[in-house]
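This report concerns only the one structure given below.
Each chain gets a letter, A, B and so on, in the order the sequences are listed, and its residues count up from 1.
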Number of protein chains: 2
Amino acid sequence: MPPSQATISSEQLAQIVGLNSAQVRKDLSYLGAAGVRGVGYGVAELRVDLREALGLTHGYGVAIVGAGNLGAALTNYGGFEAWGFEMSAIFDTDSEKIGSRIGDLVIEDLNDLPRIVEQRDIAIGIVATPASGAQDVVNRFVASGVRSILNFAPSIVQVPSDVVVRRVDLSTELQILTYHLHHDEATG
Amino acid sequence: MPPSQATISSEQLAQIVGLNSAQVRKDLSYLGAAGVRGVGYGVAELRVDLREALGLTHGYGVAIVGAGNLGAALTNYGGFEAWGFEMSAIFDTDSEKIGSRIGDLVIEDLNDLPRIVEQRDIAIGIVATPASGAQDVVNRFVASGVRSILNFAPSIVQVPSDVVVRRVDLSTELQILTYHLHHDEATG
DNA sequence: TAGATTGTTAATCGATTAACAATC
DNA sequence: TAGATTGTTAATCGATTAACAATC
């Protein structure tokens with residue numbers, strides 16, 4: 001007896017992700033995933049539809065500026081490829097570093113950013129410099145045509161309205177944790 | 001003429017943070033900040049009240065496990081002190097690393113975690129190891145009494161219900177950026 | 001056909017905003 | 001006192017959930 005196609009219901013999905021089943025159906029419906037009434041969602045199709053919706057099939061090129069500890073950590077992080085990203089370049093301004101390797105990448109001169117962004121079709125820029133250099137790096141990314149930027153530097157940067165910047169703020173993450181410390185102290 | 005005490009209105013605050021003035025007043029009222037009708041909020045008081053509410057006066061001790069690039073980046077990050085945190089220890093299991101320095105800290109043996117957590121009153125643990133080691137590190141933190149954990153490893157960890165874990169997921173950050181890439185492509 | 005589960009509409013809930021009496 | 005702005009209530013808005021006809 002051949003295995004029947006594996007399916008999963010909105011109720012089961014809701015259990016797994018901790019949501020209401022109506023919410024699951026609404027969201028899946030919104031992104032065009034096709035369920036079957038009385039049966040559920042085909043796991044294989046769902047997987048394809050979700051990967052498509054999340055853009056995991058795209059293979060966006062990513063460039064990092066700043067070849068310090070953080071830049072090295074991001075380059076060696078691995079795991080990005082599974083989500084459809086390709087670490088394509090890392091830049092620095094320090095002539096001592098330029099030319100040496102981090103993982104598979106050779107550290108390149110920040111002045112070569114525009115050319116390399118174009119040649120390697122880089123869509124996402126990561127700022128891994130100290131705060132003092134962040135705005136300059138962002139300006140260079142923007143001038144090179146990069147419109148999606150992830151900023152690890154602890155500073156707010158200005159960009160045109162068609163450019164998206166996300167900031168990973170480590171101090172904020174710690175502060176959110178301390179909310180719970182407060183709260184637990186008060187009640188415990 | 002002595003300067004009058006500096007004040008700021010909820011409308012001005014709303015402009016700065018990009019919210020509605022009613023929202024600002026409600027939030028400030030909730031956390032007990034005292035405004036003056038017809039005048040506004042005293043800047044000095046507000047600063048004190050906010051620092052208090054955010055717990056910036058606490059000086060929580062922070063320990064990092066994992067003395068790789070990421071651990072080093074976090075240790076050297078600076079900036080944490082301004083928000084009331086103190087980087088108190090960094091641990092690793094690699095005997096080659098133990099005893100050497102990163103910034104002001106000496107890398108210590110992970111086996112000494114329980115003693116050092118107690119002695120230095122560490123409230124927050126940071127996991128900066130590969131995914132494979134994350135659960136073990138979290139278990140050690142929990143066993144040592146740490147109840148607030150920030151996890152940089154790309155893995156989900158299990159903890160008792162009285163322990164709070166926040167995960168900084170770099171792949172997710174990149175994926176959120178790609179949403180805009182999709183969207184812009186579709187409309188532009 | 002009977003049972004199950006989707007897709008979607010209507011009802012509910014909560015969060016944001018407008019409005020205004022209190023009052024400096 | 002007149003003008004300004006808070007603190008809070010009521011109105012609005014949007015998001016979540018319940019309910020159910022459609023249908024496999």
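- Atoms CG and CZ, from A:L150 and A:F141 in turn, are 10.0 Å apart once rounded to the nearest 0.5 Å.
- Judged purely by atom type and a 3.5 angstrom limit, B:N69 has no side-chain atom pairing as donor or acceptor with the backbone of A:L70.
- With sequence neighbours left out, A:R140 forms a salt bridge (Lys or Arg N to Asp or Glu O under 4.0 Å) with A:D136.
- Using a distance-only test at 3.5 Å, with no hydrogens or angles considered, no donor-acceptor pair links the side chain of A:D49 to the main chain of A:A53.
- Near DNA chain C, meaning a heavy atom under 4.0 Å away, the residues from residues 18-29 of chain B are B:N20, B:A22, B:Q23, B:R25, B:K26.
- Of the inter-residue distances, the one linking B:L46 atom CG with B:T7 atom OG1 reads 10.5 Å to the nearest 0.5 angstrom.
- Here B:E86 pairs with nothing under the salt bridge (Lys or Arg N to Asp or Glu O under 4.0 Å) rule; sequence neighbours left out.
- For the residue pair B:S88 / B:R120, no side-chain donor-acceptor distance below 3.5 Å is found, with atom types taken as modelled.
- Here the closest heavy-atom approach between residue B:A153 and residue B:A134 is recorded as CB-CB, 3.7 Å.
- Along DNA chain D, the stretch of nucleotides lying under 4.0 Å from any heavy atom of chain A spans, 5' to 3', D:dT16 to D:dC24.
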Check your understanding: Can you list the steps and then say if A:E108 with A:I98 is a side chain to side chain contact (heavy atoms under 4.5 Å, CB included)?
Key -> CA-CA 5 Å; A:E108 304 186 73; A:I98 294 166; 5.6 Å; no
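- Distance OG/A:S148 to CD1/A:I122: 13.0 Å, rounded to 0.5 Å.
- The side-chain heavy atoms of A:D162 and A:R147, taken from C-beta on, include a pair separated by under 4.5 Å.
- Looking at which nucleotide of DNA chain D each of B:E11 and A:R37 is closest to, the 5′-most match is held by B:E11.
- Counting only Watson-Crick and G-U wobble pairs whose two key distances fall under 3.5 Å, DNA chain C forms stems of three or more stacked pairs at C:3-24 with D:3-24.
- With a 4.5 Å cut-off on side-chain heavy atoms, A:I124 and A:V146 do not count as touching.
- Proximity of residues 39-50 of chain A to DNA chain D (heavy atom under 4.0 angstrom from any strand atom) is not detected for any residue.
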